[in-house]
Amino acid sequence: MLCGISYMWTNGLAIMPELPEVETIRRELHSQILRRRLNNVTVLDPRLVQASQPKAFETRLMGALITNVARRGKYLMINVESDVLILHLMMSGRLHLRARTDIRPHTRLLLTLDDDQALHFVDVRRFGRAWITEEAHSHEVVGHLGPEPLDAGFDWRSLAIRLRGRHVAIKTALLDQRTVAGIGNIYADEALFAARIHPETPVNLLSPPKLRALTASIVTVLESGIAHQGTTFSTFETSEGSPGNNQGHLKVFRKTGQPCPSCGKNIRRIVLAQRSTHYCSNCQRKPRTVSTK
DNA sequence: AATGCTACCTGCGCGC
DNA sequence: TGCGCGCAGGTAGCAT
Ligand SMILES: [Zn+2]
């Protein structure tokens with residue numbers, strides 16, 4: 001299914017990995033590489049491991065047994081015996097399990113397994129990053145993250161705590177990973193639509209009932225995304241090659257000019273926090289105290 | 001402390 | 001047909 005979206009890579013892939021996409025990849029990887037051994041590790045682009053020397057990075061992982069594949073927000077965590085390999089795909093990072101010799105353009109990292117297969121980290125835009133740490137929870141890149149929205153303990157109070165003392169637009173706050181981990185541009189717009197909250201609403205003006213609604217909507221849209229194996233705008237492959245199809249379930253994201261599925265009014269697009277933002281001006285009203293530009 | 005803005009990077013669509 | 005511009009995205013880092 002196409003959504004009038006026309007940009008994709010030459011290999012036909014166009015996803016923006018947020019929590020549901022990373023979780024989909026995590027589940028596939030878990031079934032594919034758990035208890036496999038890393039026979040070889042090759043850093044093809046030093047930029048990927050900026051924080052460390054490529055050689056040291058490689059040797060630290062070489063020969064290690066993969067004991068778990070986990071996720072924190074949008075970060076993928078491949079546990080080996082005594083270390084954790086943390087990966088962030090950013091926008092264009094992809095993981096493919098395929099023949100170790102089948103190296104395609106833009107491959108940045110090769111994790112060769114104990115057969116002819118390798119996990120290929122392919123990243124056209126080179127924004128993706130990789131780290132190795134002994135203790136993932138306190139690591140610099142995940143230590144500051146907000147609560148996991150799909151954990152049992154996530155409720156409107158934990159959201160309220162993270163918004164305390166702040167005055168930014170709610171969409172800006174949702175894109176800030178310290179507020180809630182894993183929300184990106186797609187699911188921020190979808191969650192705000194589902195909760196009937198205008199994206200420019202200052203967070204200090206959100207009542208507890210609105211925060212409750214938003215909390216529930218965040219959980220709903222993320223779970224829906226996972227249930228549909230993530231959002232893609234073209235011939236998306238997960239690492240196994242099966243397509244995600246959550247794009248067919250989005251209500252407002254990149255639906256500018258199309259009728260709101262709730263009221264029929266045209267979906268609007270604005271730029272907020274330097275990001276495309278889509279909403280229904282009828283279903284998502286600005287509080288009166290916010291002046292219209 | 002909180003917030004805003006830019007750099008980073010590349011392929012593709014669009015307009016001329 | 002060819003070229004160049006602008007867009008898309010998440011995060012770190014810097015400025016205010
Ligand atoms: Zn509407």
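The aromatic ring of A:F127 is not stacked on the base of C:dT11, since the criterion of ring centres less than 5.5 Å apart with planes inclined by under 30° is not met.
The side chain of A:V124 sits closest to B:dG11 out of C:dG10, C:dA8, B:dG11. Out of C:dG10, C:dG9, B:dG11, the shortest distance to the side chain of A:F253 is found at C:dG9. In this structure, the nucleotide among C:dG10, C:dT11, B:dT3 sitting nearest to the side chain of A:Q177 is C:dT11. Nearest nucleotide to the A:H144 side chain, out of B:dG11, C:dA12, C:dT11: C:dA12.
What separates CG of A:L19 from P of C:dG10 is a distance of 13 Å, to the nearest Å. Atom-to-atom, CG of A:D45 to C1' of B:dT10 comes out at 13 Å; the value is rounded to the nearest Å. Regarding A:H139, its NE2 atom lies at a distance of 15 Å from the P atom of C:dT11, rounded to whole Å. Rounded to an integer number of Å, the gap from CE of A:M16 to P of B:dG11 is 18 Å. Protein atom CD of A:Q274 is 14 Å distant from nucleotide atom C1' of C:dC7, rounded to whole Å. Atoms CZ (A:R254) and C1' (C:dG9) sit 9 Å apart, rounded to a whole Å.
At the phosphate of C:dA8, OP1 or OP2 sits under 4.0 Å from a side-chain N or O atom of A:S276. Taking 4.0 angstrom as the limit, A:R275 places none of its side-chain polar atoms (N or O) nearer than this to OP1 or OP2 of C:dG9. Contact check, A:R269 against C:dA8: a side-chain N or O comes under 4.0 Å of OP1 or OP2. Contact annotation: A:H106 side-chain N/O to B:dT10 OP1/OP2 distance is not under 4.0 Å. Side-chain nitrogen and oxygen atoms of A:H167 include none within less than 4.0 Å of the OP1 or OP2 phosphate oxygen of B:dA1. For A:R126 and B:dT10, the shortest distance from a side-chain N or O to OP1 or OP2 is below 4.0 Å.
With values rounded to the nearest 0.5 angstrom, A:T42 atom OG1 is found 10.0 Å from A:R100 atom CZ.
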| task | Determine, stepwise, if the pair A:H228 / A:H249 fulfils ring-ring contact (aromatic ring centres under 6.0 Å, His included). | result | CA-CA 8 Å; A:H228 300 115; A:H249 300 267; 3.5 Å; yes

| message | The test is side-chain hydrogen bond (donor to acceptor under 3.5 Å, both in side chains); show your working for A:K265 and A:S281 and say whether it passes. | response | CA-CA 8 Å; A:K265 195 158 190 246; A:S281 58; 2.9 Å; yes

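Residue-environment remark: CD (A:E134) stays at or below the threshold of 12 foreign heavy atoms within 6.0 Å.
Screening A:E190, A:E18, A:K171, A:R254 for a side-chain hydrogen bond (donor to acceptor under 3.5 Å, both in side chains) involving A:N185 leaves a single residue, A:K171.
Shortest non-hydrogen contact noted between A:L222 and A:P149 is CD1-CG, 3.5 Å.
Evaluation of atom-type donor-acceptor distances gives a pair under 3.5 Å for the side chain of A:R125 against the base of C:dA8.
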| What would the secondary structure line of DNA chain C be in dot-bracket form, counting Watson-Crick and G-U wobble pairs under 3.5 Å, with [ ] for pairs that cross earlier ones and | for pairs with another strand? | .|||||||||||||||

